[in-house]
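Just below is one structure, and these are the notes that go with it.
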Amino acid sequence: MPITPTFKTEPMKRTLFTMVTGLLAWQAGAQNSCATAVPLMVPGNYYISQVDGSEIPEPVCATGGDMATAGEWYAYTATMDTAITVTTDLPQNNGVDTRVQVYVGSCGNLTCYAGDDDSGNGYTSMVTFNVQMGTTYYIAFDNRWTSSGFTFHVGFAGPGPEVNGFSTVYVPTNGMAYCVVDMNNDGLDDAVSVTANTITINYQNSGNGFTTTTYNTATASNTPSWSMCAGDLDGNGYNDLVYASGGLTFMMANDSGNGYTTVNQPQYIFCQRSNTVDINNDGRLDAFSCHDVAPNVYYINNGNGTWTWHQGGLGDTPDGGNYGSIWVDYNNDGLVDMFIAKCRGAGSPASIDQLWRNNGDGTFTDVAAAMNLADYQQSWSSAWADFDNDGDMDVMIGASSFTGGGHKLMRNDGTTFTNVTANSGFDMFTGTSIEFIARDFDNDGYVDVLGGGALMHNNGNMTFTQVAVPFSNGPTGDLDHNGFVDVQNGNTIYLNAGNTNHWLTVHTVGTVSNTNGIGARVELTSPLGTQIRDIRSGDGFRYMSSLNAHFGIGTDTTINSVTVRWPSGIVNTVENPPVNGLITIIEDPAGSVGIPEQTTATIGVFPSPVSNMLHIQAPLGLNGNTASVLNLAGQVVARHLILHGSIDVSGLPGGIYLLKVETKVGLQLAKFVKQ
């Protein structure tokens, strides 16, 4: 039996079942392969006499590993844009241990879309996902835990208002597509997928589209079957990857970003959420992992390619229950704290959420009870953001099951958190999930919540409206550089076409703090007001999303200032940055910013790494313009006249540089690596 805790179906979910009272359970013979999948009608009940079909559902879209030997297949072709729920949490099943996978694509070329193992009562399954009219979804049960027969129900969980404006683009993936982050240090998000011995990166081109490269690696002892995070662990300017399953494996990028060394950590961990964060604030990133069956663990970075293992002090419940860690400065003291969404069955001490306050001396104190956050709840993740734009971080703690209570929207009032769930929209939201994240999807300046099969749109007054979207949770970032948040589901990227709202993206480069600026607080002030973001590695439960800070500013056409409060305590401010672009802010101990601004990326450079001639791509003529080359301290180290679209950088020592060009449309920046 799996170690995952038992859940109980919430009464609100049972209202789904009363809608279909009187419908006969369909005892149609469950089919043995994708090609012969039984068509489903919704709503309806379906009976499986035994899980013994010849085609094993692959890839695995839920937890529990890949040890199934048989499967049963169904297909649902959506007749409208809505959301549906598939569940085996029915009284007649008496807790039969089921697992379900949901796919899109065609038989023989299927991609994970959703899945669930134990979100129902007694190890039963329950999954809610969005569907698009005309798309066929393959629903497959396997015998990972049992081959016994059972009944499953398919019902509508929507519809809600539809969000238009998302288009899809295919990207090659290999294994687990859990990461969207900048991998070649050009400020643009890339899409990363991994196996035990490969890393496939879809590098975002500065114009549009992707360039795909696969790197072979030594075999990782741990693949990110539970979670994945990223960050520049060794400070060489390129993001490394951390895989979490039965322990941690570090995939270390070389000094050119075009190869990876496998570092398998030997200690056993029943990993859940993992993060990279500078726990002791020494300027080097450490690695943290929630432990499901023991106190949490972390590796302190010694700065010489080695790490020191620690257990305890950041979640000490003896039997674990630690699922969704997120590092956030909840009390605005400049020190990064950590919240854990916990899950082990309502009433168990291992299900009491924890908030660990950073004391600033290397120790942490659990203050969840004092802050009104020590609740019993079945939760695998929490979404933190300043939902009311009052200058501090609020939290929506998302339920993976309604055992122990539903979703909770908690407003940060400084000295405590106040439960404002009533009449917020989350009190009526019945979608459950292990993944909840906070992003501003429409750039109106108010952060929304994605999870539970829908987008909860922030109305700007601490209330939220459920919106149907064509994707499920996945890693997020700006994958076409249009200033709007995109979502990846497997090998499909949902590109957000956006609207007329304006935006700004902030790329942080630490010099005294860690090179990513993870743990920094970014503040943007515009006529709309002040917004805040924390730079985080790893939120939600499983995925790794962009390390850039993304702001929507609605109809504002000017920005007063952007301030970065670094983990080191240094504060840098950029006055009047441009709208609708990416700016790079480099930590400057003197208090002024070395790289003050960057407008929309209308120039690109290649090759990178470069030995001699650096070529510049731009939609406007740059010949005759002067290009300045700056190091990461913001110092000008070379100036060249652009001739034939190129400059000679052969005289530069190896390292990471920024190219600055003054043009008719403003200041342009691009990052490159000199080898």
Side-chain angles (χ1 to χ4, degrees), residues 176-183 189-194 222-233 239-245 247-251 265 269-279 285-292 296-299 301 307 314-315 322-330 336-342 354 356 358 379-385 393 395 397-398 433-439 450-451 473-477 485 487-488 508 514-520 533-550 567:
M176 301 171 184
Y178 289 172
C179 179
V180 167
V181 74
D182 178 12
M183 294 299 288
D189 293 322
D190 309 308
V192 184
S193 60
V194 305
N222 306 286
T223 57
S225 56
W226 286 98
S227 71
M228 186 174 184
C229 59
D232 184 5
L233 293 170
N239 283 321
D240 312 299
L241 303 175
V242 178
Y243 304 167
S245 55
L248 296 185
T249 291
F250 300 164
M251 302 300 294
Q265 300 297 340
I269 315 167
F270 193 154
C271 294
Q272 303 290 327
R273 175 76 262 177
S274 56
N275 315 92
T276 62
V277 63
D278 188 356
I279 293 174
L285 284 179
D286 312 304
F288 174 88
S289 176
C290 280
H291 204 317
D292 190 15
N296 291 326
V297 302
Y298 54 98
Y299 292 84
N301 189 339
W307 289 266
L314 278 167
N322 305 295
Y323 277 55
S325 54
I326 185 168
W327 292 79
V328 55
D329 182 7
Y330 81 92
V336 64
D337 315 296
M338 193 258 292
F339 179 81
I340 311 174
K342 308 254 292 175
Q354 297 179 354
W356 289 86
N358 189 334
S379 181
W380 289 35
S381 61
S382 58
W384 284 78
M393 291 290 180
V395 58
I397 305 170
S433 177
I434 65 174
E435 296 279 353
F436 290 92
I437 59 172
R439 307 284 190 271
L450 178 65
N473 278 84
T476 66
V485 176
V487 180
Q488 182 177 7
T508 53
N514 64 85
T515 55
N516 300 106
I518 291 170
R533 303 286 188 269
D534 284 347
I535 306 298
R536 305 171 184 145
S537 172
D539 62 350
F541 176 75
R542 170 167 291 160
Y543 303 109
M544 175 67 207
S545 295
S546 175
L547 288 169
N548 292 332
H550 168 259

Look at the aromatic rings of Tyr299 and Phe250 and report parallel, tilted or perpendicular, splitting at 30° and 60°.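 Rings of Tyr299 and Phe250: perpendicular, over 60°.
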[X] to [Y] - nearest heavy-atom pair and separation:
X: Ser245; Y: Ser225; value: CB-OG, 3.1 Å
X: His291; Y: Phe270; value: CE1-N, 3.3 Å
X: Ala244; Y: Leu248; value: CB-CD2, 3.6 Å
X: Gly451; Y: Asn473; value: CA-OD1, 3.3 Å
X: Ala177; Y: Ser193; value: CA-CB, 3.7 Å
X: Val328; Y: Met393; value: CG2-CG, 3.8 Å

Checking Thr476 now: which residues fulfil side-chain hydrogen bond (donor to acceptor under 3.5 Å, both in side chains) with it, not counting sequence neighbours?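 By the side-chain hydrogen bond (donor to acceptor under 3.5 Å, both in side chains) rule, Thr476 matches Arg439, Ser545.
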Using side chain to side chain contact (heavy atoms under 4.5 Å, CB included), reason through Ser289 and Asn296 one step at a time and then give a plain yes or no. CA-CA 6 Å; Ser289 176; Asn296 291 326; over 6 Å; no
Measuring from atom [atom1] of [X] to atom [atom2] of [Y], what distance do you get when rounded to the nearest 0.5 angstrom?
X: Asp539; Y: Ile326; atom1: CG; atom2: CD1; value: 5.0 Å
X: Asp286; Y: Asn301; atom1: CG; atom2: CG; value: 6.0 Å
X: Asn222; Y: Ile269; atom1: CG; atom2: CD1; value: 8.0 Å
X: Met176; Y: Trp226; atom1: CE; atom2: CH2; value: 11.5 Å
X: Ile279; Y: Tyr298; atom1: CD1; atom2: OH; value: 6.0 Å
X: Gln272; Y: Asn322; atom1: CD; atom2: CG; value: 8.5 Å

Looking at His550, is its backbone amide N or carbonyl O close enough to the side chain of Arg533 to form a donor-acceptor pair, meaning the two atoms are under 3.5 Å apart?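 Checked: pair present.
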Could you tell me whether the side chain of Arg273 and the main chain of Ser381 form a donor-acceptor pair under 3.5 Å?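 Checking the backbone N and O of Ser381 against the side chain of Arg273, no donor-acceptor pair under 3.5 Å is found.
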Consider only side-chain N and O atoms of Asn516 and Asn239, and report whether a donor and an acceptor are under 3.5 Å apart.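 Result is yes, a qualifying pair exists.
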Test Asn548 against Asp182 for side chain to side chain contact (heavy atoms under 4.5 Å, CB included), laying out the working first. CA-CA 9 Å; Asn548 292 332; Asp182 178 12; 5.7 Å; no
Should Asp278 and Asn514 be marked as a side chain to side chain donor-acceptor pair (under 3.5 Å) after you check the CA-CA gap, both sets of side-chain angles, and the distance that decides it? CA-CA 7 Å; Asp278 188 356; Asn514 64 85; 4.6 Å; no
Verdict with reasoning, Thr249 to Thr223, per side chain to side chain contact (heavy atoms under 4.5 Å, CB included): CA-CA 7 Å; Thr249 291; Thr223 57; over 6 Å; no
Is there side-chain contact between [X] and [Y], with heavy atoms separated by less than 4.5 Å?
X: Gln265; Y: Trp307; value: yes
X: Phe436; Y: Phe541; value: no
X: Trp327; Y: Asp337; value: no
X: Thr276; Y: Val242; value: yes
X: Gln488; Y: Tyr178; value: no
X: Trp380; Y: Glu435; value: no
X: Val181; Y: Ser546; value: no
X: Arg536; Y: Ile518; value: no

Let me know which of Ser537, Ser325, Ser227 forms a side-chain hydrogen bond (donor to acceptor under 3.5 Å, both in side chains) with Ser274.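 So, applying the side-chain hydrogen bond (donor to acceptor under 3.5 Å, both in side chains) to Ser274 and each of Ser537, Ser325, Ser227, only Ser227 qualifies.
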Using ring-ring contact (aromatic ring centres under 6.0 Å, His included) as the criterion, list what pairs up with Trp384, not counting sequence neighbours.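 Once residues adjacent in sequence are excluded, the partners of Trp384 under the ring-ring contact (aromatic ring centres under 6.0 Å, His included) criterion are Phe339, Phe417.
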With Asp232 via salt bridge (Lys or Arg N to Asp or Glu O under 4.0 Å) - residues at least two apart: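 By the salt bridge (Lys or Arg N to Asp or Glu O under 4.0 Å) rule, Asp232 matches no residue at all.
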Could you go through the side chain to side chain contact (heavy atoms under 4.5 Å, CB included) check for Met338 and Val336 one step at a time? CA-CA 7 Å; Met338 193 258 292; Val336 64; over 6 Å; no
